[in-house]
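Taking it in order: structure first as structure tokens, then the write-up.
Keep in mind it's a predicted model, so treat the numbers as computed, not measured.
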Number of protein chains: 2
Amino acid sequence: MKNQTDVQLNLLIDSIKQDIIFGRLRPRERLLEDQLSERFNMSRHQVRMAFSVLDQMGLVTRRPNKGAIVRDFSVEEAEEVYELRALLQGEAARRIPMPAPADLLNRLDQIQEAFCAAADAGDLQRVCKLNNEFHGVIFGACNNRYLAETIDRFWIQTLGIRCYAIGDPALLVHSRNEHAAMIRYLREGDRESFVQLCIDHIWRPFEAYKRAHGGWTTLQQSA
Amino acid sequence: MKNQTDVQLNLLIDSIKQDIIFGRLRPRERLLEDQLSERFNMSRHQVRMAFSVLDQMGLVTRRPNKGAIVRDFSVEEAEEVYELRALLQGEAARRIPMPAPADLLNRLDQIQEAFCAAADAGDLQRVCKLNNEFHGVIFGACNNRYLAETIDRFWIQTLGIRCYAIGDPALLVHSRNEHAAMIRYLREGDRESFVQLCIDHIWRPFEAYKRAHGGWTTLQQSA
DNA sequence: GGCGACATGATTGTCAACAATCTTGTTGAA
DNA sequence: TTCAACAAGATTGTTGACAATCATGTCGCC
């Protein structure tokens with residue numbers, strides 16, 4: 001299906017995504033083609049291709065002859081993205097069949113169990129992966145592939161915003177409880193509560209982001 | 001700002017977009033790199049770059065070693081896209097300040113005037129361009145750049161669907177009247193009617209598409 | 001010392017040749 | 001006739017070298 005260079009390419013893309021969500025790569029940080037091509041043993045062309053994909057994903061920004069930098073959101077921009085995410089996730093929540101199909105509930109239970117285990121074990125990387133999976137499965141069930149796709153798109157774009165929340169144990173507990181509540185509402189068929197929770201759920205990481213950016217106005221925004 | 005090859009690249013992209021909206025390029029039709037590179041006097045590399053952009057735009061589909069084809073929507077897929085568009089445009093309509101700023105109304109009046117002139121002159125290309133502009137300006141006024149961007153994204157993706165409507169004089173008259181009504185509602189501050197019209201406005205081209213695809217189930221969809 | 005012109009190194013952008021892959025047509029045997 | 005194996009042509013994918021551009025440091029002049 002996929003040839004080998006595609007695999008390598010995805011490897012690089014995932015690696016950069018990881019670096020962004022865990023804050024190892026900071027907003028506006030430069031990404032050098034030579035550096036990465038050497039580190040990952042791939043041609044500069046492939047790195048460039050990866051940049052192009054990441055650019056379209058909205059994770060990095062490219063300017064002619066100046067290369068790629070990690071995308072930066074001003075607080076205002078971040079707020080607008082979150083408003084849109086709230087709209088989309090609310091609509092998706094309204095479109096999920098209810099009471100939810102047993103198949104969906106089973107998968108969510110499984111993911112939630114693994115999520116709790118990873119959280120207890122302090123395995124942040126696995127927590128993050130399972131969190132992605134949980135959201136993907138929930139909103140993938142909305143019966144509109146483009147709605148699901150768009151939710152996923154902005155889920156990825158906000159990796160760099162959510163990185164301020166990833167390490168906070170209090171937020172992790174919140175996530176876990178809210179995920180459990182989502183499953184409960186789905187099982188009980190409590191649509192109103194479910195929709196509201198899907199909307200409210202996204203804002204806590206944004207609050208963390210705002211706190212981190214509080215005070216300083218965005219410097220060299222137009223540079 | 002932009003270097004020359006970027007200009008050429010955009011030229012090719014716009015040309016392909018035009019070919020899709022006017023139905024000169026049909027869904028699932030192949031796009032050959034050599035052919036285009038010769039026709040536009042550019043390197044195959046640049047054509048390939050353009051394909052990549054068009055792929056991300058959702059206008060063409062690429063499969064490894066099989067090249068690029070014009071994207072095809074099944075009727076079901078098209079319906080889902082239109083549902084999402086309805087959601088997004090409705091929300092944008094709700095967010096436009098009302099009564100609308102004079103500046104916005106002036107720009108819309110201008111575009112509408114030019115639109116009518118082009119329609120009377122039978123200049124379809126200009127009609128299309130002004131139609132794009134009208135929608136861009138309206139939804140750009142929603143005060144959320146990502147909402148506007150996403151509306152635009154699906155506006156472009158549905159070029160290939162709307163192509164079935166572009167030549168129909170009756171639909172052209174409808175468009176013109178509905179645009180006039182939108183401006184009127186904006187001016188009068190009639191939000192309810194405005195929102196409803198923004199949602200309803202999109203469906204007529206989809207009906208034309210459904211009629212064109214009526215009967216035959218989508219062949220070789222998974223090939 | 002301050003400032004602009006120039007030189008240098010670092011980085012990205014472009015291209016054309018070569019390799020890999022797919023598609024199509026042909027042949028020959030069952 | 002039908003089918004599989006093979007061959008030839010068409011098309012896409014990859015690479016390395018070279019060109020263009022940008023950022024930084026240096027020098028001489030005022």
Q.
Using the ring-ring contact (aromatic ring centres under 6.0 Å, His included) criterion, which residues pair with A:Phe154? Sequence neighbours excluded.
A. none
**Q.** Sequence-distant partners of B:Phe51, ring-ring contact (aromatic ring centres under 6.0 Å, His included), two or more places apart
**A.** none
**Q.** Residues forming a side-chain contact (heavy atoms from CB on, under 4.5 Å) with B:Arg71, sequence neighbours excluded
**A.** A:Tyr146, B:Thr61, B:Phe73, B:Gln157
(Q) Going by side-chain contact (heavy atoms from CB on, under 4.5 Å), name the residues that satisfy it together with B:Arg48, two or more places apart in sequence or in a different chain. (A) B:Glu33, B:Arg44, B:Arg62
Q) When the C1' atoms of the five terminal pairs at each end define the local axes, what inter-axis angle does the helix from C:dG1-D:dC30 to C:dA30-D:dT1 show, to 10 degrees? A) 10°
**Q.** Interatomic distance where CZ belongs to A:Arg63 and C1' belongs to D:dT21 [whole Å]
**A.** 15 Å
(Q) For A:Glu178, give me all partners under side chain to side chain donor-acceptor pair (under 3.5 Å), at least two apart in sequence or on another chain. (A) A:His201, A:Arg204
Below 3.5 Å between N/O atoms, which protein atoms pair up with nucleotides 5-11 of chain D? Just atom names and distances, please.
{"unit_1": "D:dT11", "atom_1": "O3'", "unit_2": "B:Arg30", "atom_2": "NH2", "d": "3.4"}

**Q.** Nucleotide nearest A:Arg44 when distance is taken to its side chain, options D:dT12, C:dC15, C:dT12
**A.** C:dT12
Q. B:Phe51 has an atom CZ; how far is it from atom C1' of D:dG13, in whole Å?
A. 14 Å
Q. Can you check whether B:Gln46 has a side-chain N or O nearer than 4.0 Å to OP1 or OP2 of C:dC15?
A. yes
Q) Taking atom P of C:dG13 as reference, at what distance in whole Å does atom CE of B:Met42 sit? A) 16 Å
**Q.** N or O in side chain of A:Ser43 less than 4.0 angstrom from D:dT15 OP1/OP2
**A.** yes
Q: Determine the interplanar angle of the A:Trp203 and A:Phe206 rings, folded into 0 to 90°, and report it as parallel if under 30°, tilted if 30 to 60°, perpendicular if over 60°.
A: perpendicular
Q: In whole angstrom, give the distance that lies between atom CZ of A:Arg62 and atom P of D:dC22.
A: 16 Å
Q) Taking only residues two or more places apart in sequence, or in another chain, which ones meet A:Asp14 in a side chain to side chain donor-acceptor pair (under 3.5 Å)? A) none
Q: Check side-chain contact (heavy atoms from CB on, under 4.5 Å) between B:His45 and all other residues, then give those that pass, not counting sequence neighbours.
A: B:Ser43, B:Met49
Q.
Determine whether a donor-acceptor pair (N or O, by modelled atom type, separation under 3.5 Å) exists between the side chain of A:Gln18 and the backbone of A:Ser15.
A. no
Q. Just wondering, do A:His45 and D:dT15 stack (centres under 5.5 Å, planes under 30°)?
A. yes
